[in-house]
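The shown structure was predicted, so the numbers you read here are calculated from the model rather than taken from an experiment.
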Amino acid sequence: GNSVTQMEGPVTLSEEAFLTINCTYTATGYPSLFWYVQYPGEGLQLLLKATKADDKGSNKGFEATYRKETTSFHLEKGSVQVSDSAVYFCAHHSGGGADGLTFGKGTHLIIQP
Amino acid sequence: DAGVTQSPTHLIKTRGQQVTLRCSPKSGHDTVSWYQQALGQGPQFIFQYYEEEERQRGNFPDRFSGHQFPNYSSELNVNALLLGDSALYLCASSFANEQFFGPGTRLTVL
């Protein structure tokens with residue numbers, strides 16, 4: 001069945017450190033892949049997406065590349081800020097908008113000044 | 001653009017009661033999906049509505065039902081509430097491939 005596995009947190013980093021949050025998925029067909037972010041007390045916001053193999057999604061300094069051969073969509077940022085502290089969710093759906101999203105359990109990121 | 005709105009923000013119910021949550025989609029969006037997010041977990045897909053019909057359903061019992069109105073707004077109904085139904089309920093609206101989420105309704109079942 002469909003599933004998303006992402007590294008469990010919390011992940012604690014110092015400001016300006018390099019960030020990687022791993023995400024792997026299982027799905028039928030050719031899913032679209034997403035990273036959502038949830039700041040404290042707020043709803044989910046789309047951070048970036050990729051809809052086909054080798055696509056790179058990017059936003060606010062974050063990047064993730066759709067790797068079909070390894071079924072992965074790892075999130076990276078070169079230099080994190082305190083304001084990046086949040087919970088990050090990897091997700092996919094099988095396309096066409098008709099399928100609900102399948103989410104990972106989330107990774108809590110804490111950035112210390 | 002108001003984005004996706006949900007009401008109420010918080011709700012407290014007791015076991016066995018019934019609850020109705022409401023969602024207004026982002027302007028121009030015709031599809032509404034509902035998710036349940038338990039504390040410390042990722043959202044779980046409940047169902048999706050399009051053209052006033054349930055188009056897809058996740059692994060949730062029949063106690064969870066919904067409705068979509070001609071203006072695309074939607075309701076989620078949960079009957080015979082259990083303690084385990086306590087969660088943040090998220091609504092998301094979409095037009096094409098991208099879902100936009102509302103702030104959620106926090107349901108506590110005592």
Single-linkage hydrophobic cluster, 4.5 Å side-chain cutoff, F100(B) and L47(A) together
no
Chain A heavy atoms under 4.5 Å from L88(B): which part of the residue, side chain, backbone, both or neither?
side chain
Please look at K105(A) and chain B and tell me whether the side chain, the backbone, both or neither of the residue comes under 4.5 angstrom of a heavy atom of that chain.
both
Hey, what do you get for CD (E98(B)) to CG (L101(A)), rounding to the nearest 0.5 Å?
10.5 Å
Residue part contacting chain B, namely of L44(A), when any heavy atom lies under 4.5 Å:
both
Would you kindly confirm whether V80(A) and M7(A) end up in one hydrophobic cluster when ILVMFWY residues are joined by side chain heavy atoms under 4.5 Å apart?
yes
Taking Q44(B), Q6(B), Q41(B) one by one, which has the highest count of heavy-atom pairs under 4.5 Å against chain A?
Q41(B)
When hydrophobic residues are tied together by side-chain contacts of less than 4.5 Å, even through go-betweens, does L82(B) share a cluster with V78(B)?
no
Side chain, backbone, both or neither: which part of T51(A) has a non-hydrogen atom closer than 4.5 Å to chain B?
side chain
How about CD on E52(B), more than 12 heavy atoms from neighbouring residues, nucleotides or ligands closer than 6.0 Å, or not?
yes
Min side-chain heavy-atom separation F101(B)-E42(A) under 4.5 Å:
no
Please indicate whether E53(B) has more than 12 foreign heavy atoms, meaning atoms of other residues, nucleotides or ligands, lying under 6.0 Å from its CD.
no
Starting at OG of S33(B), measure out to NE2 of H93(A) and round the result to the nearest 0.5 Å.
9.0 Å
Please say whether more than 12 non-hydrogen atoms of neighbouring residues, nucleotides or ligands are located less than 6.0 Å from CZ in F62(A).
yes
Give a yes or no on whether the backbone of G100(A) and the side-chain of Q56(B) come within a donor-acceptor separation of less than 3.5 Å.
yes
For L39(B), look at atom CG and say whether over 12 heavy atoms of other residues, nucleotides or ligands are found less than 6.0 Å away.
no
Strictly under 6.0 Å, is that where the ring centroids of F103(A) and F45(B) end up?
no
Is the count of non-hydrogen atoms from other residues, nucleotides or ligands lying under 6.0 Å from R63(B) atom CZ greater than 12?
yes
Under 4.5 Å from any heavy atom of chain B - which part of Q6(A)
neither
Checking heavy atoms, do the side chain of Y35(B), its backbone, both or neither come under 4.5 Å from chain A?
side chain
Option that, when pairs with chain A are counted at under 4.5 Å, heavy atom only, ranks first among A92(B), P43(B), G58(B):
P43(B)
Look at atom CG of N71(B) and say whether more than 12 heavy atoms of other residues, nucleotides or ligands are closer to it than 6.0 Å.
yes
Which heavy atom in Q99(B) sits nearest to a heavy atom in Y36(A), and how many Å separate them?
O-OH, 3.1 Å
